[in-house]
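Let me begin by presenting the structure, written as structure tokens, before commenting on it.
Small disclaimer: the values here were computed from a predicted structure and weren't measured.
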Amino acid sequence: MEKAEFEKLAIPIALVVDDEPLILMDTADMLADEGYAVVEATTADKAYEFLNRHSSLQLLVTDVQMPGELDGFDLARVVAERWPHICVVIASGAAVPAAGDVPQNATFISKPLTPELVHQLLRKHCDHINSAKMQ
């Protein structure tokens, strides 16, 4: 995505990362229904490249197990360190976090995601995003 395209997105902006196309689409749709402009990536590596170019987003929702160098836990740790303003949600239907996998500004949830779960999660863990939406 070019800088000009990114700058045209309405705030808040969410980056969704999943290698399963249907899950990626469903998650993106749920976040769009919550009022987010959504950008999609199919690997944590691609998400990291995107964040290096466009880090002024508010929310990252990432799967854990994906092809590539980074997994979702790795991506979450990098985001927590480099871009602590981003609310991070890590979701998995198979992986369970070990000690140190989930950074302080992140939340882990089990899949499958539902619209109700996403709504509750955003209200509970991403308050700073909700405040920005109201302004």
Validation row: [X], [Y] side chains within 4.5 angstrom (heavy atoms):
X	Y	value
H119	E34	yes
L57	V39	no
I90	T107	no

Practice task
Have a look at L59 and tell me which of L122, V88, I86 forms a side chain to side chain contact (heavy atoms under 4.5 Å, CB included) with it.
Solution key: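 Of the listed options, the one satisfying the test is L122.
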Heavy atoms only: give me the nearest [X]-[Y] pair and the separation to one decimal.
X	Y	result
Y48	V78	CE1-CG1, 3.3 Å
A10	A37	O-CB, 3.3 Å
P84	N105	O-ND2, 3.6 Å
A91	L113	CB-CD2, 4.3 Å
G72	M66	N-CE, 4.0 Å
L75	A47	CD2-CB, 3.8 Å

Practice task
Can you measure from OG1 (T114) to CG (L121) and round to the nearest 0.5 angstrom?
Solution key: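 Output value for this atom pair is 10.0 Å.
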Exercise for the section: Measure the CD-SG distance between Q58 and C126 for me, rounded to the nearest 0.5 Å. Expected result: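 The distance works out to 10.5 Å.
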Donor-acceptor pairs are to be reported for all side-chain atoms of residues 11-31 against protein atoms at under 3.5 Å, with residues two or more places apart or in another chain.
unit_1	atom_1	unit_2	atom_2	d
D18	OD1	E20	N	2.9
D18	OD2	K111	NZ	2.6
T27	OG1	I23	O	2.8

Exercise for the section: Could you tell me whether the side chain of D71 and the main chain of Q65 form a donor-acceptor pair under 3.5 Å? Expected result: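 No, the answer is negative, given that no donor and acceptor are paired below the 3.5 Å cut-off.
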Exercise for the section: Would you check if the side chain of H85 reaches a backbone N or O of S55 as a donor-acceptor pair within less than 3.5 Å? Expected result: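 It does hold such a pair.
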Practice task
Please work out whether the ring planes of F50 and F6 are parallel, tilted or perpendicular, with thresholds of 30° and 60°.
Solution key: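 The rings of F50 and F6 stand perpendicular, inter-plane angle above 60°.
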Exercise for the section: Using a strict cut-off of less than 4.0 Å between a Lys/Arg side-chain nitrogen and an Asp/Glu carboxylate oxygen, indicate whether E40 and K46 qualify as a salt bridge. Expected result: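 Here E40 does not pair with K46 in a salt bridge, since their nearest N and O are not under 4.0 Å apart.
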Practice task
List for me each residue that meets salt bridge (Lys or Arg N to Asp or Glu O under 4.0 Å) alongside D74, sequence neighbours excluded, and say none if there are none.
Solution key: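 Residues passing salt bridge (Lys or Arg N to Asp or Glu O under 4.0 Å) with D74: R77.
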Problem - Intermediate values then yes/no, side-chain contact (heavy atoms from CB on, under 4.5 Å), F108 and S92 - result: CA-CA 8 Å; F108 179 85; S92 180; 4.0 Å; yes
